[in-house]
There are 2 protein chains.
Amino acid sequence: MDIKQLDEKNELKQRIFFALSDPGRYKIISMLYHVGHEMGCNELNQHVEIDKSTMSYHLKTLRKIGITNTRTQGRQKFVSLNQATIEKVLPGLLEQL
Amino acid sequence: MDIKQLDEKNELKQRIFFALSDPGRYKIISMLYHVGHEMGCNELNQHVEIDKSTMSYHLKTLRKIGITNTRTQGRQKFVSLNQATIEKVLPGLLEQL
DNA sequence: CTAATTGTTTGATATTCATAAAACTATAAT
DNA sequence: ATTATAGTTTTATGAATATCAAACAATTAG
């Protein structure tokens with residue numbers, strides 16, 4: 001693996017660490033991991049107590065980092081954890097949350 | 001373990017994630033872990049290319065979080081990783097850096 | 001005593017970040 | 001058609017961050 005790929009890997013790690021450094025995002029990620037399946041944003045909101053626009057903002061961040069997937073069904077959006085992406089660069093991390 | 005202790009544990013985790021979310025701090029932590037022994041700030045500076053005052057700022061952050069120890073000898077300060085603290089809440093993480 | 005070395009602190013600056021209210025879009029229900 | 005639901009975007013605001021130059025210790029060397 002060349003230096004460029006190493007840097008990219010470290011950048012992804014750092015973005016994941018950034019994601020986990022905020023209490024709200026930590027709870028979102030932890031919740032998604034522990035329930036083990038996708039959740040509607042509203043459902044998430046019932047468990048993680050933050051304003052819905054703040055929630056949307058954080059979810060957008062997670063999406064941009066690339067550690068969540070979103071599926072739209074009707075007027076609902078279901079968010080799920082892109083577990084493989086995380087495991088690939090930081091195996092074993094999710095179990096620690 | 002009660003909720004308060006859990007919260008404290010998660011707070012420490014989140015602070016560790018914050019520490020690792022910055023490229024400079026990531027390199028410092030990674031370097032300290034991989035060399036496996038304490039390093040002088042100046043020595044660190046030769047490996048991690050950041051301004052010495054920025055370095056000092058980041059090292060202060062790590063100290064406040066509680067994941068490094070500092071020992072003064074003459075005019076040098078030796079920094080080492082408080083590995084046990086990290087391992088306690090996030091076992092296996094350091095090997096991934 | 002005067003330099004140089006090692007590191008911290010202060011101050012200024014630019015940037016990013018988190019938060020929430022308000023307006024907005026899209027879908028579903030009545 | 002209206003209204004309710006689900007979520008996003010915009011806008012504004014305050015707080016936190018990162019960076020670096022310059023001044024400031026404290027120790028050591030010449």
Expressed as a whole number of angstroms, how long is the span from I28(B):CD1 to dG7(C):C1'? 14 Å
Side-chain donor-acceptor contact under 3.5 Å, S30(A) with H34(A): yes
Base, sugar-phosphate, or nothing for K77(A), non-hydrogen atoms under 4.0 angstrom? sugar-phosphate
When the distance from NZ of K64(A) to C1' of dT16(C) is rounded to whole Å, what number comes out? 11 Å
Calculate the interatomic distance between I50(A) atom CD1 and dA21(C) atom C1'; express it in whole Å. 16 Å
Between atom OG1 of T70(A) and atom CG of L59(A), what is the distance when rounded to the nearest 0.5 Å? 7.0 Å
Heavy atoms from C-beta onward define the side chain here; which of dT19(C), dT27(C), dC17(C) lies closest to that of H58(A)? dT19(C)
Pair of N/O donor and acceptor under 3.5 Å linking dA18(C) base with T54(A) side chain: no
If you draw the axis of the six-membered ring of F18(A), does the NZ or CZ of R25(A) fall within 45° of it and under 6.0 Å from the ring centre? yes
Sequence neighbours excluded, the answer for side-chain hydrogen bond (donor to acceptor under 3.5 Å, both in side chains) partners of N82(B) is T85(B)
Interatomic distance where CD belongs to Q76(B) and P belongs to dT6(C) [whole Å]: 7 Å
Would you kindly give the CZ-to-C1' distance between R71(B) and dG7(C), to the nearest whole Å? 15 Å
Is F18(A) touching bases, backbone alone, or none of the nucleic acid, heavy atoms closer than 4.0 Å? sugar-phosphate
Can you give me the first and the last nucleotide of DNA chain D (5' to 3') that has an atom within less than 4.0 angstrom of a non-hydrogen atom in chain A? dA4(D) to dT9(D)
If I take atom CZ in residue R25(A) and atom P in nucleotide dT19(C), what distance separates them, rounded to the nearest angstrom? 8 Å
Are M39(B) and Q46(B) close enough that some pair of their side-chain heavy atoms sits under 4.5 Å apart? no
Pairwise 5' ranking along DNA chain C for D51(A) and G74(A), keeping only the more 5' one: D51(A)
Which residue lies more 5' along DNA chain C, comparing Q73(A) with S21(A) via nearest heavy atoms: S21(A)
What contact category does G24(B) fall into here, base, sugar-phosphate, or nothing, at under 4.0 angstrom with non-hydrogen atoms? nothing
Base-pairing assignment for dG14(D) (Watson-Crick or G-U wobble, both under 3.5 Å): dC17(C)
R75(B) has an atom CZ; how far is it from atom C1' of dT6(C), in whole Å? 7 Å
Identify the nucleotide, in any strand shown, that forms a Watson-Crick or G-U wobble pair with dA26(C), with both distances under 3.5 Å; if there is none, say none. dT5(D)
Is the closest side-chain heavy-atom distance between H58(A) and I28(A) below 4.5 Å? yes
Here the distance between atom C1' of dC17(C) and atom CG of D22(B), to the nearest Å, is 14 Å
Without swapping roles, check the side chain of Q14(B) against the backbone of L20(A) for a donor-acceptor pair under 3.5 Å. no
